[in-house]
Amino acid sequence: MSLTEFNLIDHFITQRTPIRQDVILGIGDDCALLAVPPGYELAVSMDTLVAGVHFAHDTAAYDVGYKALAVNLSDLAAMGAEPAWVTLAMTLPTINEDWLEGFCAGFFALSKQFNVQVIGGDTTCGPLSITIQIHGLIPAGKAIRRDGAQPGDLIYVTGNLGTAGLALQLGAAAPPEISRYLLRPYPRIKEGLALRDIASSAIDISDGLAADLNHILNRSHVGAKINVEQLPMLNELAVHTSLLHAKQLALSAGDDYELCFTVPPEKITCLQQTLPKNSYHAIGVINQSAILTLQNADGTDFLLTSLGYQHF
Ligand code: ADP
Ligand code: MG
């Protein structure tokens, strides 16, 4: 490792990361050493953001840093895991200190909020790309998995859908109240933790509701019926697009990072007592059909024109 690389990590990462008591050894050795508390399981996930693929080349460094951590936190949220540690792999075209300042401001704003310590990483030279591996803690057996949905369970989503997708379509024309949903998705950690003993399954919506709900259906060997009229959408969407297109976006656009989860009928009262009333919405029900049916309010089928983001 070159001196500049060492200085860079020390200045930008080691000195800024929150410090946790459960980190025995952090940045600086060949491996980090971590203490998983007795009775807990480790939840591990990784996400990569590539410039020009996951974010536009002219995206502000702050937003890249924020989002790289936010999308990883979102995976922990979907499992009901409490955030703990991350490793950070940065591939940078050059050492640009202004860019790194911005990146760290966004990254550490979120890392401090959720008490996540950077415990190591890797630094390489090449086209801009950020990979984060995140580690969270869950009491043994309490993780909310994709394979637990049962016929009769109600389907819910947090927040609103389709806003990030609209921001992507509008590009530079997107007003800040729309673009912030694409640039700064807020990880639903609080909701994920609250749902540990309530939800039968959960997933975070990164590739569009229809595609991501299908993962729950496949893993749980069930089907679902969604009432498209019940999809929660921001009122501002109507200013920029038709209601029909807004529904298409809500179902198929990625990047919302809201949670989609299922709740057995006997836990619905508990759900209502746990999450604030307007923070989530019922959108449908799990059934035995093995397929996803989209319905309008009058019972006719809703035709989806695109099914989520595909990488290849
Ligand atoms: P090695 O050669 O053993 O893989 P490195 O020289 O790459 O180790 O890194 C030295 C230390 O700095 C390690 O503890 C590593 O985890 C840490 N590190 C390297 N890059 C980063 C980064 N981008 N963010 C955080 N820690 C980093
Ligand atoms: Mg290395």
Side-chain angles (χ1 to χ4, degrees), residues 1-37 40-77 81-137 183-187 189 206 257:
M1 176 160 120
S2 70
L3 190 63
T4 33
E5 189 189 327
F6 178 79
N7 288 341
L8 177 139
I9 292 159
D10 187 57
H11 176 72
F12 285 101
I13 312 289
T14 314
Q15 292 187 25
R16 300 181 191 209
T17 182
I19 301 296
R20 291 173 58 101
Q21 294 302 313
D22 51 14
V23 176
I24 300 162
L25 191 59
I27 292 171
D29 212 313
D30 290 308
C31 294
L33 299 174
L34 309 164
V36 178
Y40 278 75
E41 289 169 2
L42 196 55
V44 182
S45 177
M46 179 186 279
D47 264 307
T48 296
L49 297 190
V50 178
V53 179
H54 300 94
F55 59 92
H57 287 283
D58 61 358
T59 305
Y62 186 104
D63 293 330
V64 177
Y66 178 101
K67 191 164 179 178
L69 184 53
V71 302
N72 277 274
L73 285 165
S74 177
D75 283 319
L76 292 186
E82 183 193 329
W85 316 301
V86 291
T87 50
L88 169 63
M90 298 192 289
T91 302
L92 306 170
T94 56
I95 293 190
N96 175 339
E97 295 199 14
D98 289 341
W99 190 91
L100 282 164
E101 276 299 342
F103 176 89
C104 288
F107 182 94
F108 286 116
L110 211 48
S111 116
K112 291 198 170 92
Q113 209 172 323
F114 291 99
N115 194 26
V116 179
Q117 180 168 347
V118 183
I119 45 110
D122 202 13
T123 309
T124 50
C125 183
L128 179 61
S129 163
I130 305 294
T131 296
I132 290 176
Q133 183 169 46
I134 196 156
H135 306 75
L137 298 168
L183 299 173
R184 310 242 181 113
Y186 192 73
I189 292 291
S206 54
Y257 295 98

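We're numbering straight along the sequence, starting at 1. Ligands are counted one by one from 1 in listed order, and the atoms in each one are counted from 1 as well.
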Check: Asp75 side chain, Ser45 main-chain N or O, donor-acceptor pair, under 3.5 Å: no
Proximal atoms of ligand 1 relative to Gly120 (non-hydrogen, under 4.0 Å): 16 (O), 24 (N), 25 (C), 26 (N), 27 (C)
Residue Asp29 vicinity, atoms of ligand 1 by number, heavy atom under 4.0 Å: 13 (C), 14 (O)
Min N/O separation Leu88 to ligand 1 under 3.5 Å: yes
Side chain to side chain, Tyr66 and Val71, heavy atoms closer than 4.5 Å: no
Distance-only donor-acceptor check, side chains Gln113 and Tyr186, under 3.5 Å: yes
Polar contact flag for Met90 and ligand 1 (N/O pairs, less than 3.5 Å): no
Side chain, backbone, both or neither: Thr123 near ligand 1, heavy atoms under 4.0 Å: both
Residue Asp30 vicinity, atoms of ligand 1 by number, heavy atom under 4.0 Å: 3 (O)
Exercise: do Thr91 and Ser129 side chains pair donor with acceptor under 3.5 Å: no
Options Ala32, Gly121, Ala89, ranked by nearest heavy atom to atom 27 (C) of ligand 1, top entry: Gly121
Any Tyr257 side-chain heavy atom under 4.5 Å of Lys67 side chain: yes
Residue pair Leu69 / Ile134, side-chain heavy-atom distance below 4.5 Å: yes
